[in-house]
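Single-structure report; data block below.
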Amino acid sequence: MKIKYFQDTDTLYIEFKSTPVSESRDLDENTLLDLDADGNVCGITVEHARDRADIPKFSFEQIAV
C-alpha cells in the first residue's frame with residue numbers, strides 16, 4: 001500500500017495494490033475509486049485533501065491479528 005500526497009494540487013492518492021486501473025468511478029465530485037480488471041478496489045483519489053482528510057494529522061497503525 002502506498003499513500004501519496006500532491007501538495008501542488010492538494011490531492012491524496014491511496015494505492016492499495018499496484019495493478020493497472022481498468023475503471024475509475026466517481027464516489028462524489030471530489031473522490032474517485034479506481035478498480036482493476038476484476039472489479040477490485042486498487043486506489044482512491046481524494047481532491048481538496050487538506051480539508052477533507054485532515055492531512056497534517058496523518059498516522060498509521062497496524063493491528064496484529
Side-chain angles (χ1 to χ4, degrees):
M1 182 163 112
K2 294 180 185 175
I3 299 173
K4 300 175 185 177
Y5 176 66
F6 303 91
Q7 189 172 11
D8 59 332
T9 59
D10 192 24
T11 302
L12 177 69
Y13 184 69
I14 303 168
E15 179 183 81
F16 296 108
K17 59 182 178 177
S18 182
T19 187
V21 175
S22 288
E23 179 183 358
S24 293
R25 293 184 186 170
D26 291 330
L27 295 180
D28 61 32
E29 68 180 44
N30 295 305
T31 310
L32 292 168
L33 188 66
D34 292 335
L35 306 173
D36 66 13
D38 296 321
N40 298 311
V41 176
C42 54
I44 297 175
T45 301
V46 178
E47 301 291 342
H48 309 288
R50 289 183 64 86
D51 293 332
R52 300 181 72 226
D54 205 9
I55 293 300
K57 297 179 183 172
F58 173 78
S59 68
F60 172 80
E61 184 176 351
Q62 184 171 350
I63 308 297
V65 181

- Task: Quick one: list whatever passes side chain to side chain donor-acceptor pair (under 3.5 Å) with Thr11, sequence neighbours left out.
- Result: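 Result, side chain to side chain donor-acceptor pair (under 3.5 Å) vs Thr11: Thr9, Glu47.
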- Task: I would like to know whether Leu35 and Val41 meet side-chain contact (heavy atoms from CB on, under 4.5 Å); could you show each step before the answer?
- Result: CA-CA 5 Å; Leu35 306 173; Val41 176; 3.9 Å; yes
- Just wondering, do Asn40 and Phe16 contact through their side chains at under 4.5 Å, heavy atoms?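 When only atoms from C-beta onward are counted, Asn40 and Phe16 do not touch, as no gap falls below 4.5 Å.
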I need the [X] [atom1] to [Y] [atom2] distance, nearest 0.5 Å.
| X | Y | atom1 | atom2 | value |
| --- | --- | --- | --- | --- |
| Ser24 | Asp34 | OG | CG | 3.5 Å |
| Thr45 | Ile14 | OG1 | CD1 | 9.0 Å |
| Leu33 | Cys42 | CG | SG | 8.0 Å |

- How would you list all residue pairs meeting salt bridge (charged side-chain N to carboxylate O under 4.0 Å, His left out) that involve residues 11-27, not counting sequence neighbours?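 Matches after skipping sequence neighbours: Lys17-Asp36, Glu23-Arg25.
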- Tyr5 vs Asp10, side-chain contact (heavy atoms from CB on, under 4.5 Å): CA-CA, chis, key distance, verdict: CA-CA 7 Å; Tyr5 176 66; Asp10 192 24; 2.6 Å; yes
- Task: Indicate, with yes or no, if Val21 and Val46 share a hydrophobic cluster defined by side-chain heavy-atom contacts under 4.5 Å among Ile, Leu, Val, Met, Phe, Trp and Tyr.
- Result: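 Each belongs to a different hydrophobic cluster.
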- Say whether Ile44 and Phe6 are linked into one hydrophobic cluster, either directly or through other cluster members, by side-chain heavy-atom distances under 4.5 angstrom.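 No, it is not one cluster - the side chains of Ile44 and Phe6 are not joined through contacts under 4.5 Å.
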